[in-house]
Asks: 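Structure provided below as structure tokens; questions to follow.
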Protein chains: 2
Amino acid sequence: MRDAELTRQKILEISADEIHKNGFIATSLSCILARCEVSKGALYHHFKNKMELGYAVFEEIYTPMFLELWQPAVEVEDPIEGLCEFFTAMYEEGSCDEIVCGCPLNNLCQEMSAIDEGFRLRILNMQQQLNQLISLNLQRVASQLRDDIDVSQVAYFIVASFHGSSSLSKSSKNKDLFEKVIKELCSYIRHLRIS
Amino acid sequence: MRDAELTRQKILEISADEIHKNGFIATSLSCILARCEVSKGALYHHFKNKMELGYAVFEEIYTPMFLELWQPAVEVEDPIEGLCEFFTAMYEEGSCDEIVCGCPLNNLCQEMSAIDEGFRLRILNMQQQLNQLISLNLQRVASQLRDDIDVSQVAYFIVASFHGSSSLSKSSKNKDLFEKVIKELCSYIRHLRIS
DNA sequence: TTTACAACCTACCTATCGGTCGGTTAGAAT
DNA sequence: ATTCTAACCGACCGATAGGTAGGTTGTAAA
């Protein structure tokens, strides 16, 4: 057989890239097909329709990518510094294009949550996983933290601020505002410690 | 004359509502026309094309709405408490629909910044105006604040977190996560004070 | 009363979208 | 060598989008 799995994977990866750049709705199948050098028949052989392709991208590309990205940041001895280094590395090392494209999770949340229940539930699930990952690791070092904090609330706030910062950098089209907000986010995170 | 200005205003207001609910691209002119009970010819008499209609909505509806919303929150004697009360009122008084639709500025920033320069510049301008509004008023009470803070950085962070919280509430489809993040945001804002 | 033009109407245009369907082809199994 | 089917192809479809053009109407000014 012609390597079906390779075709499927190529479609998924290029779709993930296109969706990241243009959003789900604005991403046209014809554009994906052109980049993949694959026919429409091939795509519809592997995926029932555009929505199912979107779900597959979310589950098979974005979800593992996300967990692999955040886990090391937070599963170190000191999650406070781990998070700060993670965010700092983002504006120091990330290319401007990457930053301006925003976080795929946040982008899809904004675009699709209200109009498609399948996306909404997948996004909500991812957000809860991410929240638990962060809050469990903050809880782990609770003895070092101020006693007036609610770790789950803090975890949601951190993610929200991060997403807000990537939104800001879209309109400025450079890293400056992103960097500003991330710096303040790090300052906030460090203030969680007993001072 | 048949009241041209009234027609124009009706188109603007209904467009603002539709764009808030569906986003700019997903908002169809035919849908606007149906709600306005106005013909396509009338719309194209008042606006050159869809993009120009979008710009007009941004400038004539969203911009003044935004300034009227944030100004009173921050131009009180105590902007720290002013902001906290403003945010708190948002989840206590705001309808669930309103909250789940998100902030129009953030929505358009996410959707349009990358694909249309006209929108991007208008959004950036609005964000800078908003930042100045907040940072000037924080500066005003600088003597009450910690001396390690950068008011502009703090102002961007506040707006980013607020936008991030509205993004979160979209996927949860209720106010719970919104409320959580807003509470933490208020806690953060109050910690700006010398303790 | 006539004129002139802003204001408005409607039928139509083209482009593009997601999706379908009948047919072809590669290659493993018999 | 033949058969069978997963894998793939591409012309075509209907729906809808934004946009246009030519005609009509209301009304203020001359």
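Throughout, a chain's letter reflects where its sequence line sits, starting with A, and its residues are numbered from 1. Heavy-atom basis, side chains included; hydrogens, waters and symmetry copies ignored. Here the structure is a predicted model, which is why all the values come from computation and not from measurement.
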Asks: Tell me whether the side-chain N/O atoms of A:His46 come closer than 4.0 Å to OP1 or OP2 in D:dA6.
Replies: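 For D:dA6, neither OP1 nor OP2 has a side-chain N or O of A:His46 closer than 4.0 Å.
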Asks: Grab the CG-C1' distance between A:Leu6 and D:dA6 for me, whole Å please.
Replies: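 Computing the A:Leu6:CG to D:dA6:C1' distance gives 16 Å.
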Asks: Indicate whether OP1 or OP2 belonging to C:dA7 is found under 4.0 Å from a side-chain N or O atom of B:His45.
Replies: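 For C:dA7, OP1/OP2 do have a side-chain N/O of B:His45 under 4.0 Å.
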Asks: Could you check which of C:dC9, D:dA7, D:dA17 has an atom nearest any side-chain atom of B:Ala42?
Replies: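 Shortest atom-to-atom distance from the side chain points to C:dC9.
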Asks: Any side-chain N or O of B:Ser39 less than 4.0 Å from the OP1 or OP2 oxygen of C:dC8?
Replies: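 For B:Ser39, the contact criterion (side-chain N or O under 4.0 Å from OP1 or OP2 of C:dC8) is not met.
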Asks: A:Ile11 CD1 to D:dA7 P: how many Å, rounded?
Replies: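 Taking CD1 of A:Ile11 and P of D:dA7, I get 12 Å after rounding.
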Asks: Ignoring hydrogens and angles, write down the donor-acceptor pairs under 3.5 Å from the side chains of residues 28-35 of chain B, residues two or more places apart or on other chains.
Replies:
{"from": "B:Ser28", "atom 1": "OG", "to": "B:Cys31", "atom 2": "N", "distance (Å)": "3.2"}
{"from": "B:Arg35", "atom 1": "NH1", "to": "B:Asp17", "atom 2": "OD2", "distance (Å)": "2.8"}
{"from": "B:Arg35", "atom 1": "NH1", "to": "B:Glu18", "atom 2": "OE2", "distance (Å)": "2.7"}
{"from": "B:Arg35", "atom 1": "NH2", "to": "B:Asp17", "atom 2": "OD2", "distance (Å)": "3.4"}

Asks: With a 4.5 Å heavy-atom cut-off, do B:Leu12 and B:Leu53 have their side chains touching?
Replies: yes
Asks: In whole angstrom, what separates A:Ile32's CD1 from C:dT16's P?
Replies: 17 Å
Asks: Round to the nearest Å and state the distance from B:Leu43 atom CG to C:dA7 atom C1'.
Replies: 13 Å
Asks: Round to the nearest Å and state the distance from B:Asn49 atom CG to D:dG18 atom P.
Replies: 11 Å
Asks: When you measure from the centre of the six-membered ring of B:Tyr91, is the NZ or CZ of B:Lys180 under 6.0 Å away and within 45° of the axis?
Replies: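 No cation-pi geometry.
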Asks: Phosphate oxygens OP1/OP2 of D:dC8: is one of them under 4.0 Å from a side-chain N or O of A:Thr7?
Replies: yes
Asks: B:Leu33 has an atom CG; how far is it from atom C1' of D:dA17, in whole Å?
Replies: 12 Å
Asks: Could you tell me the separation between the CG atom of A:Asp3 and the C1' atom of D:dC8, rounded to a whole number of Å?
Replies: 14 Å
Asks: Taking all non-hydrogen atoms of both residues, which atom of B:Leu105 and which atom of B:Met126 are closest, and how far apart?
Replies: CD1-CG, 3.8 Å
Asks: Starting at atom NZ of B:Lys50, determine the distance to atom P of D:dA17, rounded to an integer number of angstrom.
Replies: 9 Å
Asks: Let me spell it out: for each of A:Ile25 and A:Gly41, pick the nucleotide of DNA chain C with the closest heavy atom. Which residue's pick is nearer the 5' end?
Replies: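 Result: A:Ile25.
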Asks: Report yes or no: is there a donor-acceptor pair, N or O only, under 3.5 Å between the side chain of B:Lys40 and the base of D:dG18?
Replies: yes
Asks: Taking atom types as modelled, find out whether A:Tyr55 and A:Asp116 have a side-chain donor-acceptor pair closer than 3.5 angstrom.
Replies: yes
Asks: Examine C:dC17: is either OP1 or OP2 under 4.0 Å from a nitrogen or oxygen in the side chain of A:Ser30? Give yes or no.
Replies: yes
